Amino acid sequence: MPADAPSPESVLLQALTLLVARWSSPNVQRSVAHSAGVTVDAADVSALYILGLHGPLRAGDLAEAMHISRPTVSKQLNRLERAGMISRESDPHDGRATIVGLSAEGSAAHARLLEQGIRMVRHALRDRTRADASALAGEVADLVARLGITDSPGDSAADPPRSVPERRSQEDRS
């Protein structure tokens with residue numbers, strides 16, 4: 001490798017940074033939602049993704065998982081509720097808290113968003129064999145786990161955010 005060539009780690013870090021920045025940009029989220037037939041504000045797409053992937057959460061836990069403030073997530077949840085995408089229930093263990101989950105319409109929208117994302121990834125991998133695509137998927141998943149980045153103290157980097165019932169069951173065991 002020539003002395004002035006960037007290291008593989010540098011190239012990978014740059015690629016990951018660009019991927020995250022571009023994928024989460026409002027323009028890309030708006031485009032994905034539009035292509036999937038999901039009519040929500042681009043800023044609200046990530047809430048649909050997180051609730052669809054991890055199940056019902058307290059509003060505060062959703063804000064934490066999204067790395068946004070509680071007032072911002074409240075505004076997003078109000079828009080999603082008006083659009084019929086979510087339902088809210090009081091937390092039976094804490095009357096002050098609200099549990100937010102996808103409605104039937106929200107679950108269908110989440111499924112369409114995932115399908116559109118998979119189509120995009122398939123298109124990007126179109127020149128790879130199934131075995132090569134599987135190997136790449138495994139390597140990227142392993143890399144993400146090995147980076148050791150977590151959302152909050154005590155979380156394992158390989159674990160997704162826990163849903164409300166899982167949080168309660170872990171608390172009950174303590």
Side-chain angles (χ1 to χ4, degrees), residues 12 15-68 72-89 98-147 149-152 155-167:
L12 185 55
L16 289 172
T17 301
L18 288 173
L19 172 64
V20 170
R22 289 178 182 168
W23 186 261
S24 61
S25 75
N27 286 340
V28 170
Q29 291 301 298
R30 188 176 299 106
S31 176
V32 170
H34 177 75
S35 296
V38 176
T39 54
V40 297
D41 190 288
D44 302 337
V45 172
S46 61
L48 287 175
Y49 277 126
I50 290 174
L51 289 170
L53 290 172
H54 304 297
L57 296 169
R58 289 181 177 196
D61 291 336
L62 178 61
E64 185 179 318
M66 294 175 62
H67 306 282
I68 61 175
T72 299
V73 85
S74 288
K75 290 175 189 172
Q76 289 182 334
L77 292 174
N78 286 337
R79 287 191 300 264
L80 289 171
E81 188 172 39
R82 282 193 304 273
M85 299 288 177
I86 63 160
S87 60
R88 300 181 202 227
E89 297 178 14
T98 301
I99 297 174
V100 181
L102 294 179
S103 64
E105 187 174 344
S107 292
H110 174 257
R112 291 193 311 272
L113 288 168
L114 287 181
E115 288 170 11
Q116 180 59 25
I118 289 168
R119 278 193 293 275
M120 293 170 73
V121 170
R122 253 190 212 124
H123 180 74
L125 296 171
R126 69 190 174 279
D127 297 332
R128 293 184 180 254
T129 66
R130 185 81 173 151
D132 286 347
S134 291
L136 177 61
E139 289 173 16
V140 171
D142 184 57
L143 173 67
V144 170
R146 287 172 177 255
L147 285 172
I149 299 169
T150 61
D151 278 340
S152 60
D155 281 351
S156 164
D159 294 339
R162 295 176 303 254
S163 65
V164 172
E166 290 169 331
R167 286 182 191 260

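Here the structure is a predicted model, which is why all the values come from computation and not from measurement.
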I'd like to check Leu12 versus Leu16 (side-chain heavy atoms, cut-off strictly below 4.5 Å). Are they in contact?
yes
Where the side chain of Arg122 meets the backbone of Arg119, is there a donor-acceptor pair that is under 3.5 Å apart?
no
Heavy-atom pair with the smallest gap, counting every atom of Ser103 and Gly84
OG-O, 2.5 Å
Euclidean distance, Leu80 CG relative to Ile86 CD1, rounded to 0.5 Å
5.5 Å
Looking only at heavy atoms, which two atoms of Gly37 and Arg112 are closest? And how far apart?
O-NH2, 3.3 Å
Might you work through the side chain to side chain contact (heavy atoms under 4.5 Å, CB included) test for Leu136 and Val140, ending with a clear yes or no?
CA-CA 6 Å; Leu136 177 61; Val140 171; 3.9 Å; yes
If you compare all heavy atoms of Leu102 against all heavy atoms of Ser107, which two are closest, and at what distance to 0.1 Å?
CB-OG, 3.7 Å
Passing option when Leu62 is tested against Thr98, Leu77, Ile68 for side-chain contact (heavy atoms from CB on, under 4.5 Å)
Leu77
What are the two closest non-hydrogen atoms of Met120 and Trp23, and how far apart are they?
CE-CZ3, 3.5 Å
Side-chain heavy-atom pair Ile99, Leu57 within 4.5 angstrom cut-off:
no
Counting only heavy atoms not in Arg22, do more than 12 sit closer than 6.0 Å to its CZ atom?
no
In terms of heavy-atom contacts, Ala83 and Glu105 come closest through O-OE2, 3.6 Å
Kindly compute the distance separating CD1 (Ile118) from CG (Leu113), expressed to the nearest 0.5 Å.
11.0 Å
Examine distances only and state if a side-chain atom of Ser134 and a backbone atom of Ala131 form a donor-acceptor pair shorter than 3.5 Å.
no
Within the side chain of Gln29, is there an N or O that forms a donor-acceptor pair under 3.5 Å with the backbone of Ser46?
no
pair Val32-Val45: side-chain heavy atoms closer than 4.5 Å:
no
Let me confirm one number: the OG-CZ distance from Ser25 to Arg30, rounded to the nearest 0.5 Å.
8.5 Å
Quick check for you: to the nearest 0.5 Å, what is the distance between Ser24 atom OG and Met66 atom CE?
11.0 Å
Within this structure, what is the CG-CD distance for the pair Asp41 and Gln76, rounded to the nearest 0.5 Å?
8.0 Å
Side-chain (Ser31) to main-chain (Asn27) donor-acceptor, under 3.5 angstrom
no
